[in-house]
Amino acid sequence: MVGSRMLRIKAKRIFAALLTGLLFSFSAIGADLPKHMQLLASTAQEGDADAQFLLGQYYRDQGSSIYDPEQAVVWLERSAEQMHAYASEALGEMFWAAEGVEQDHVKALELLRRAAELGLMSAIDSVGWMHWYGQGGLTHDCGTSIDWFERAMAGGYEPSRNNLAWVLATCPDP
């Protein structure tokens, strides 16, 4: 009974955070933005990985009124520490592109692999690119890159189809 009550409370908080996210994304909340962001921040501060991910993404969004890549890293790291696949991927992308952090391909690969292990097909695709470019301590490897793209395609990630075609067409190894 207590467990199901706590689950309902968490579900309501996540729903409120997601609703806040949708409203914020479409700029529909106007003057109420600070109150809604406070609710999301409060839920994130309580340790909710989904809320931490959303808050990190808002800080990461260059079109956001709260754009701050350093704060994005803080919240995405907290979420990724809880094995949140999307936060791990987002943080990996930030380390790959030097967005709010110093570029670190080894750290990017670690985070993207974690997201891939958690089943995120777009992260599997990104690991394929890291093999293609030979980043993160990897060597350029057409075959391994192809394997990763095929795995992402098998999981339904359609952009990998184009990526696979490009690698097959440009790989120097017949």
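We use all heavy atoms of the structure for the numbers below, so side chains are in, but hydrogens, waters and symmetry mates are not.
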Asker: If only side-chain N and O atoms count, and only distance matters, is there a donor-acceptor pair under 3.5 Å linking Q135 with W96?
Answerer: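 Their side chains do contain a donor-acceptor pair, which is all the 3.5 Å distance test asks for.
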Asker: In this structure, would F53 and V101 fall into the same cluster of hydrophobic residues linked by side-chain contacts under 4.5 Å?
Answerer: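 Same cluster.
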Asker: Are any of the side-chain heavy atoms of V127 and H131 separated by less than 4.5 Å?
Answerer: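 The answer is yes; the side chains approach within 4.5 Å.
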Asker: If I compare all heavy atoms of A152 with all of S160, which pair ends up nearest, and what's the gap?
Answerer: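 Smallest heavy-atom distance, with atoms named: CB-OG, 3.1 Å.
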Asker: Answer yes if I124 and I146 sit in the same cluster of Ile, Leu, Val, Met, Phe, Trp and Tyr residues linked by side chain heavy atoms under 4.5 Å apart, and no otherwise.
Answerer: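 Looking at the clustering, I146 is in the same group as I124.
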Asker: Against N163, only a single residue in W148, W132, F149 fulfils side chain to side chain contact (heavy atoms under 4.5 Å, CB included); can you say which?
Answerer: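 Checked W148, W132, F149 against N163; only one passes side chain to side chain contact (heavy atoms under 4.5 Å, CB included): F149.
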Asker: Please round to the nearest 0.5 Å and tell me the distance separating atom CZ of R60 and atom CD1 of I66.
Answerer: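 R60 atom CZ to I66 atom CD1 measures 14.0 Å (nearest 0.5 Å).
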Asker: Is R161 salt-bridged to E150, cutoff N-O under 4.0 Å?
Answerer: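 Salt bridge between R161 and E150, a charged N being under 4.0 Å from a carboxylate O: no.
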Asker: Hey, does L40 have a side-chain heavy atom less than 4.5 Å from the side chain of M37?
Answerer: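 They are in side-chain contact.
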Asker: Before you tell me yes or no, could you show the steps for E117 and R114 under salt bridge (charged side-chain N to carboxylate O under 4.0 Å, His left out), namely the whole-Å CA-CA distance, both residues' side-chain angles and the distance that decides it to 0.1 Å?
Answerer: CA-CA 5 Å; E117 289 168 5; R114 178 189 306 163; over 6 Å; no
Asker: Same cluster or not: M94 versus L120, using hydrophobic residues (I, L, V, M, F, W, Y) connected whenever any side-chain heavy atoms lie under 4.5 Å apart?
Answerer: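 Yes, it is one cluster - the side chains of M94 and L120 are joined through contacts under 4.5 Å.
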Asker: Of all the heavy-atom pairs spanning A116 and R151, show the shortest one and how long it is.
Answerer: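 Minimum heavy-atom separation between A116 and R151: O-NH2, 3.8 Å.
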Asker: Looking at every heavy atom in both V73 and G100, which two are closest together, and how far apart are they?
Answerer: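 Heavy-atom minimum between the residues: CG2-O, 4.1 Å.
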Asker: When rounded to the nearest 0.5 angstrom, what is the spacing between CG in D68 and CD in Q62?
Answerer: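 So the gap between those two atoms works out to 12.0 Å.
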Asker: Can you confirm whether the side chains of D141 and T144 place a donor and an acceptor under 3.5 Å from each other?
Answerer: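 Yes - a donor-acceptor pair under 3.5 Å links their side chains.
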Asker: If every non-hydrogen atom of M130 is compared with every non-hydrogen atom of G136, which pair is closest and at what distance?
Answerer: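 Of all heavy-atom pairs spanning M130 and G136, the closest is CE-N, 4.2 Å.
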Asker: Please determine whether residues L91 and Y86 belong to a single hydrophobic cluster, defined as Ile, Leu, Val, Met, Phe, Trp and Tyr linked transitively by side-chain heavy-atom distances below 4.5 Å.
Answerer: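 Yes, one cluster joins them.
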Asker: Supply the atom-to-atom distance L111 CG to E77 CD, rounded to the nearest 0.5 angstrom.
Answerer: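 One finds 8.5 Å between CG of L111 and CD of E77.
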Asker: For the residue pair D48 / T43, report whether a side-chain donor-acceptor contact shorter than 3.5 Å exists.
Answerer: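 Distance-only check fails for T43 and D48.
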Asker: Determine the minimum heavy-atom distance between A115 and S88, stating which atoms define it.
Answerer: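 The answer is CB-CB, 4.0 Å.
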Asker: Do L168 and W166 belong together in a cluster built from hydrophobic side chains that touch within less than 4.5 Å?
Answerer: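 Yes, same cluster.
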Asker: Determine the sole option in H84, Q57, R78, Q82 for which the side chain to side chain donor-acceptor pair (under 3.5 Å) test with Q52 is passed.
Answerer: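 That would be Q82.
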Asker: Does a side-chain heavy-atom distance below 4.5 Å link S65 with Y67?
Answerer: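 Heavy-atom side-chain distance check fails, nothing below 4.5 Å.
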Asker: Do S122 and E89 touch side chain to side chain, with heavy atoms closer than 4.5 Å?
Answerer: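 Yes; the side chains approach each other to less than 4.5 Å.
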Asker: Applying side chain to side chain contact (heavy atoms under 4.5 Å, CB included) to W75 and Y59, what does each step give before you reach the verdict?
Answerer: CA-CA 9 Å; W75 289 106; Y59 279 118; 3.7 Å; yes
Asker: Could you report the tightest heavy-atom contact between S79 and A49, atom names first, then the distance?
Answerer: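 Answer, listing the atom of S79 first, then A49: OG-O, 2.8 Å.
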Asker: Calculate, to the nearest 0.5 Å, the distance between atoms CG and CZ belonging to L76 and F95 respectively.
Answerer: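 Taking CG in L76 and CZ in F95, the distance rounds to 10.0 Å.
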Asker: Cut-off 3.5 Å, side chains only: do E93 and S126 have a donor facing an acceptor?
Answerer: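 No, no side-chain donor-acceptor pair sits under 3.5 Å.
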